[in-house]
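Comments concern the structure below.
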Amino acid sequence: MPGKDYSEQAYHISMQLDDLVKASKENWQDEQAKRFGYNHIEPISTALREIQLPIEKIIDLVDTKLHEIQKIANGNKF
């Protein structure tokens, strides 16, 4: 299903941001830089994790409805 592809992309982006957050926590010595990671990068990463499943469900629903419309347009009934 197409929704799974979008969900997987969101997952990979989330993992990349998690890696960035981990690297910033480990390597940044400056307190301001650490706060940047917590205040800005972490919320984005959390948001990406939270939208994975809804994206998958929405895309799959739209895809299903599109196929139903195509069947009707081709004269097929359910």
Side-chain angles (χ1 to χ4, degrees):
M1 290 279 186
K4 187 163 182 71
D5 294 335
Y6 285 97
S7 178
E8 287 176 3
Q9 289 177 12
Y11 173 77
H12 289 298
I13 292 169
S14 176
M15 292 294 98
Q16 290 173 350
L17 281 169
D18 282 346
D19 291 342
L20 180 61
V21 169
K22 288 176 189 171
S24 68
K25 289 176 186 174
E26 292 170 1
N27 298 324
W28 291 358
Q29 299 301 317
D30 181 53
E31 190 61 34
Q32 185 176 11
K34 288 182 183 178
R35 279 197 306 267
F36 175 80
Y38 288 117
N39 294 336
H40 300 286
I41 297 173
E42 190 67 36
I44 293 169
S45 183
T46 300
L48 283 168
R49 283 191 300 272
E50 291 174 356
I51 66 170
Q52 288 174 26
L53 188 56
I55 284 175
E56 186 173 341
K57 287 182 179 181
I58 291 167
I59 297 296
D60 289 344
L61 176 63
V62 170
D63 187 55
T64 300
K65 294 301 178 187
L66 178 60
H67 286 301
E68 289 175 5
I69 292 168
Q70 288 172 336
K71 286 179 182 180
I72 292 169
N74 290 330
N76 299 333
K77 294 185 178 181
F78 296 80

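Just so it is clear, the structure is predicted and the values come from calculations on it, not from any experiment.
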With sequence neighbours excluded, residues passing side chain to side chain contact (heavy atoms under 4.5 Å, CB included) with I13: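 Here the qualifying residues are L17, L48.
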Main-chain N/O of I59 paired to D63 side chain as donor or acceptor, under 3.5 Å: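 Here the side-chain-to-backbone pair does not exist.
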Lys/Arg-Asp/Glu bridge criterion (N-O < 4.0 Å) met for E68, K65: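 Counted as a salt bridge, because a side-chain N and a carboxylate O are separated by less than 4.0 Å.
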Side-chain cluster (under 4.5 Å, hydrophobic types only) that Y11 belongs to, other residues: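 Answer for Y11: M15.
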Point-to-point distance, once rounded to the nearest 0.5 Å, from CG of L66 to CG of L61: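 These two atoms lie 11.0 Å from each other.
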